[in-house]
**Q** 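For reference, the structure I am asking about is given below.
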Amino acid sequence: MSKEFQATDTGRVRSHNEDCCGIFAPACYVVADGMGGHAAGEVASGMLLDTVRTCLEGRSGLGEEELRQAVIEANRRICETAKASAALSGMGTTATLLHVDAEKGAGYWAHVGDSRLYLMRAGVLTQITRDHSYVEDLVAQGEITEEEARRHPQRNMLTRAVGVEELVEVDTGCVNLQMGDVLLLSTDGLTNMVTDEAICTMLCEAREDPAKTLVSRAVENGGIDNVTAVVAEYAP
């Protein structure tokens with residue numbers, strides 16, 4: 001990867017930041033959006049990042065299965081921690097992971113929840129992951145439109161998260177990469193406050209730090225949630 005950026009902000013409404021993000025070798029990128037009472041969300045997202053880093057950092061031959069197993073291990077640890085502490089009961093987190101294999105020109109990903117992975121190629125932004133949320137199911141069933149989903153009062157209701165149940169289903173996939181591709185991982189604090197069209201424009205036009213630019217725009221637009229973005233520009 002030629003350039004990598006990450007940024008996170010508490011926003012204008014929340015008292016603390018339950019988002020977590022990280023970049024580590026070999027070309028691994030993670031975002032997590034925690035949930036739970038008091039500081040439990042922070043604990044869950046932090047545990048997700050720490051576990052994934054322990055499982056993947058410095059390893060060779062990473063692919064979909066290795067990323068999936070890292071999320072499963074994080075799920076196990078979060079569940080065990082929540083059971084051992086009443087204060088942490090019910091905590092959980094989203095998880096969106098990406099590993100870029102430059103030799104293969106491939107981006108392997110794993111995903112649970114409503115954080116997102118996007119690919120921008122030649123000025124066109126494509127959402128790679130599918131939200132595991134109640135409103136996304138309504139959109140898929142044709143009951144509401146994408147625009148209605150953005151304003152739906154239950155848009156934050158997840159149908160799948162890490163650390164909530166003993167067994168977690170993890171979506172995985174692989175995207176073929178080309179020179180100049182830009183990859184974005186983000187929490188819903190960004191995508192609920194900034195349209196895909198605006199995200200695409202900022203990724204195209206950002207002169208310095210696109211992650212910081214995106215997060216700042218979400219805060220400017222209201223910042224009703226924590227906001228996190230990780231951006232990687234592909235240049236093998």
Side-chain angles (χ1 to χ4, degrees), residues 4-24 29-53 71 74-75 78 81-82 87-98 110-118 127 129 131-136 149-164 183-196 198-199 202-203 206 209-232:
E4 303 169 327
F5 309 90
Q6 59 182 319
T8 188
D9 194 282
T10 302
R12 294 183 172 182
V13 176
R14 301 295 179 90
S15 60
H16 55 285
N17 195 345
E18 295 184 324
D19 284 1
C20 201
C21 63
I23 299 174
F24 54 89
Y29 311 88
V30 183
V31 298
D33 181 355
M35 64 205 76
H38 304 292
E42 290 180 57
V43 174
S45 61
M47 288 186 67
L48 182 284
L49 177 59
D50 290 345
T51 303
V52 167
R53 186 189 298 270
V71 176
N75 186 78
I78 294 170
T81 302
L88 300 177
S89 178
M91 71 175 177
T93 182
T94 68
T96 302
L97 285 58
L98 171 70
H111 167 71
V112 180
D114 65 353
S115 297
R116 294 179 178 177
L117 170 64
Y118 287 91
Q127 183 178 336
T129 54
D131 295 354
H132 301 134
S133 66
Y134 173 67
V135 295
E136 181 64 23
R150 292 178 61 85
R151 303 188 302 271
H152 198 284
Q154 294 175 301
R155 62 184 178 276
N156 295 324
M157 183 183 296
L158 298 182
T159 56
R160 204 187 301 178
V162 180
V164 176
L183 296 146
L184 165 67
L185 295 82
S186 71
T187 59
D188 67 340
L190 172 65
T191 53
N192 284 337
M193 302 305 299
V194 184
T195 66
D196 284 5
I199 288 173
M202 283 184 281
L203 286 175
D209 187 332
K212 185 176 180 180
T213 299
L214 291 168
V215 169
S216 296
R217 177 64 62 84
V219 174
E220 291 169 3
N221 287 355
I224 63 174
D225 198 356
N226 307 145
V227 192
T228 298
V230 174
V231 177

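Only this structure's heavy atoms are used, side chains among them; waters, hydrogens and symmetry mates stay out. All values derive from a computational prediction rather than experimental measurement.
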**Q** To the nearest 0.5 Å, what is the distance between OG (Ser115) and CG (Leu185)?
**A**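 Between Ser115 OG and Leu185 CG, I get 8.5 Å after rounding to 0.5 Å.
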**Q** Quick one: do the His111 and Thr96 side chains pair a donor with an acceptor below 3.5 Å?
**A**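 Yes, Thr96 and His111 have a side-chain donor paired with an acceptor closer than 3.5 Å.
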**Q** Partners of Asp33 by side chain to side chain donor-acceptor pair (under 3.5 Å), sequence neighbours excluded?
**A**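 Asp33: no side chain to side chain donor-acceptor pair (under 3.5 Å) contacts found.
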**Q** Met35 vs Leu158, test: side chain to side chain contact (heavy atoms under 4.5 Å, CB included). Steps then yes/no.
**A** CA-CA 10 Å; Met35 64 205 76; Leu158 298 182; 3.4 Å; yes
**Q** Only one of Asp19, Thr94, Asn192 passes side chain to side chain donor-acceptor pair (under 3.5 Å) with Thr187; say which it is.
**A**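 Only one option passes, and that is Asp19.
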**Q** Using 0.5 Å steps for rounding, measure from the SG atom of Cys20 to the CG atom of Leu48.
**A**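 One finds 8.0 Å between SG of Cys20 and CG of Leu48.
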**Q** Would you indicate whether the side-chain heavy atoms of Thr228 and Val215 approach each other to under 4.5 Å?
**A**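 They are not in contact (no side-chain heavy atoms under 4.5 Å apart), so the answer is no.
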**Q** I'd like to know whether Gln6 forms a side chain to side chain donor-acceptor pair (under 3.5 Å) with Tyr29, so could you lay out the CA-CA distance, the side-chain angles of the two residues, the decisive distance to 0.1 Å, and finally the verdict.
**A** CA-CA 9 Å; Gln6 59 182 319; Tyr29 311 88; over 6 Å; no
**Q** Looking at CG of Asn226 and CZ of Arg12, how far apart are the two atoms once the value is rounded to the nearest 0.5 Å?
**A**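 With rounding to 0.5 Å, CG (Asn226) is 14.5 Å from CZ (Arg12).
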**Q** Please collect all side-chain hydrogen bond (donor to acceptor under 3.5 Å, both in side chains) contacts where either partner lies in residues 44-53, sequence neighbours excluded, each pair once.
**A**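 Checked against side-chain hydrogen bond (donor to acceptor under 3.5 Å, both in side chains) - neighbours excluded - no pair reaches residues 44-53.
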**Q** Under the side chain to side chain donor-acceptor pair (under 3.5 Å) rule, collect the residues that match up with Ser216, sequence neighbours excluded.
**A**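 For Ser216, no residue satisfies side chain to side chain donor-acceptor pair (under 3.5 Å) once neighbours in sequence are set aside.
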**Q** Evaluate the side-chain proximity of Asn17 to Thr8: yes if any heavy-atom separation is below 4.5 Å, no if none is.
**A**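 Yes; the side chains approach each other to less than 4.5 Å.
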**Q** Rounded to the nearest 0.5 Å, how far does CE of Met193 lie from CG of Asn221?
**A**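 Here the interatomic distance stands at 5.5 Å.
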